[in-house]
Number of protein chains: 2
Amino acid sequence: MSAVRRRSAQAEARAESQRERILDAAQKCFVEQGFHGASMAAIAETADMSAGLMYRYFESKNAIMLAIIARELEGKRAKIEELYTDADFPAKVLEKFRLWQTGSAGVMNAALFLEMSAEATRAPEMARAIRTSDTLTRTDFERWLRRGREEGGLGLPEDVARARGVLMQCVIEGLVVRAARDPEFDAEILGEALEPLFRLMGFESPAPP
Amino acid sequence: MSAVRRRSAQAEARAESQRERILDAAQKCFVEQGFHGASMAAIAETADMSAGLMYRYFESKNAIMLAIIARELEGKRAKIEELYTDADFPAKVLEKFRLWQTGSAGVMNAALFLEMSAEATRAPEMARAIRTSDTLTRTDFERWLRRGREEGGLGLPEDVARARGVLMQCVIEGLVVRAARDPEFDAEILGEALEPLFRLMGFESPAPP
DNA sequence: CCAGCAAGAATGAACGCTCATTCATTTTCT
DNA sequence: AGAAAATGAATGAGCGTTCATTCTTGCTGG
């Protein structure tokens, strides 16, 4: 029985790695050809497996799309969290902007972000997934803005914090749009305009110790 | 010959109205089902004509997509121009935000904007069209920011104006993303955060006479 | 030690369907 | 009557999905 259990654990691990292989391939294809432009055949070829086999690991193409979105959103939140656990907010945002431009691996891809957002306006399942992640991100921003002064924050009242939290999201998402649209744009130019804007909104580096 | 010319002019007018009927239907379908999800049959039905007839007025589905984009971008620029030919910039932006949320006719549709932006990352023709409109919009913003003091402006130097012009675009586009994602969101909340932000960036109402 | 075997993994041809596009035909105008 | 406008069935390509089949793996009794 121990042998059986070991085997099934091993099989489970292999299945998981297969799922990831499929998701990696799907992400590449979705970025290059769009959700609807990418065919299962193309994804299979990219993943270096047969089309039929993918149905052992995912119920449908739609399930793959949803899995991609979940993975991307999780990654996005992790990246945004990095922004305010460390110093120099504007510089960190600029750094992320450059990553969005190049579409580096492991980063929320800007084109995919647009694709997802457009799709969410008509696919309720995607809208729900995005909405959840969206709310989490905004709540995090608000918490940051409402921190008390003794913690190095401004201690903003709730309504002001909410307004600025949303606006912050808009600015970030606007930067993503720009990164997708203009991968050659020199991020440095944004820097000097971004800094006073973030200061105004209360997103500053924590005070030095 | 006058009869011939009159006839051809009349025919031309009719052809133009047919083209517009197709574009209106296509826009509706694209918004509801996406560029690739909307079929020619669906567009034809919405336009209340046969599928075949559309090919008398447009070479292909792709040509329809490009025409839609051109029309949307032209409208977008006109709407943005309204922003600074009149008083109270932040209030006007909020008003546009609400229109994006409801997807009112005649206004650049938010979902379509996302769809277009995503498509542009892989279709060079669309990228070119969008890039052109994009540059025009930014140039307009920059001109506004560089206006001399005697004209009620700040007379900002070129590099600062460029940085703020791009950032302004990011904020606007971020608002579009938000409008698409959250049609229920109360725009009023944004108002109080938006006003100091625009003031900081130099986008103010013209001084009263 | 191994021949044989069950079961999971993987294949890829086939299926049913939808799509964009075409074109022989009919209808509508002048 | 004749030209232009409009139709909608036909076409063929491509899609997501299924499934009969083959391959691989690792356990088993002898």
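In this text the structure is predicted, and so the values were computed from the model without any measurement. Throughout, protein chains are lettered first and strands after them, A, B, ... in sequence-line order, and every chain is numbered starting at 1.
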message: Salt bridge check, Lys92(B) against Asp88(B): does any charged N sit closer than 4.0 Å to a carboxylate O?
response: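 Judged by the 4.0 Å cut-off on N to carboxylate O distance, Asp88(B) and Lys92(B) do not form a salt bridge.
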How close or far is atom [atom2] of [N] from atom [atom1] of [X], stated in whole angstroms?
X        : N       : atom1 : atom2 : value
Leu53(A) : dC23(D) : CG    : P     : 16 Å
Met54(B) : dC19(C) : CE    : C1'   : 12 Å
Gln18(B) : dA5(D)  : CD    : P     : 9 Å
Arg14(B) : dA3(D)  : CZ    : C1'   : 15 Å
Tyr55(A) : dT18(D) : OH    : P     : 7 Å

field: Sub-4.0 Å heavy-atom contacts from residues 27-49 of chain A onto DNA chain C, ordered by number
entry: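 Heavy-atom cutoff 4.0 Å gives Met49(A).
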- prompt: By a strict heavy-atom criterion of less than 4.0 Å, which residues belonging to residues 59-70 of chain B are in contact with DNA chain C?
  reply: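 Going residue by residue through residues 59-70 of chain B, the ones with a heavy atom under 4.0 Å of DNA chain C turn out to be Ser60(B), Lys61(B).
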- prompt: Does a nitrogen or oxygen in the side chain of Tyr57(A) sit under 4.0 Å from OP1 or OP2 of dA9(C)?
  reply: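 So the side chain of Tyr57(A) is outside the cut-off, no N or O lying under 4.0 Å from OP1 or OP2 of dA9(C).
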- prompt: Under 4.5 Å between any side-chain heavy atoms of Arg131(A) and Asp182(B), yes or no?
  reply: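 Result yes, sub-4.5 Å side-chain heavy-atom pair found.
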query: Can you list the residues that meet the salt bridge (Lys or Arg N to Asp or Glu O under 4.0 Å) rule with Arg56(B), with sequence neighbours excluded?
result: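 Arg56(B) satisfies salt bridge (Lys or Arg N to Asp or Glu O under 4.0 Å) with no residue once adjacent residues are dropped.
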- request: Looking only at side-chain atoms of Ser50(A), point me to the closest of dA6(D), dT21(C), dT11(C).
  value: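 Comparing dA6(D), dT21(C), dT11(C) against the side chain of Ser50(A), the answer is dT11(C).
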message: Just checking Arg181(B): does its CZ atom have more than 12 heavy atoms from other residues, nucleotides or ligands closer to it than 6.0 angstrom?
response: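 More than 12 heavy atoms, drawn from other residues, nucleotides or ligands, come within 6.0 Å of this atom.
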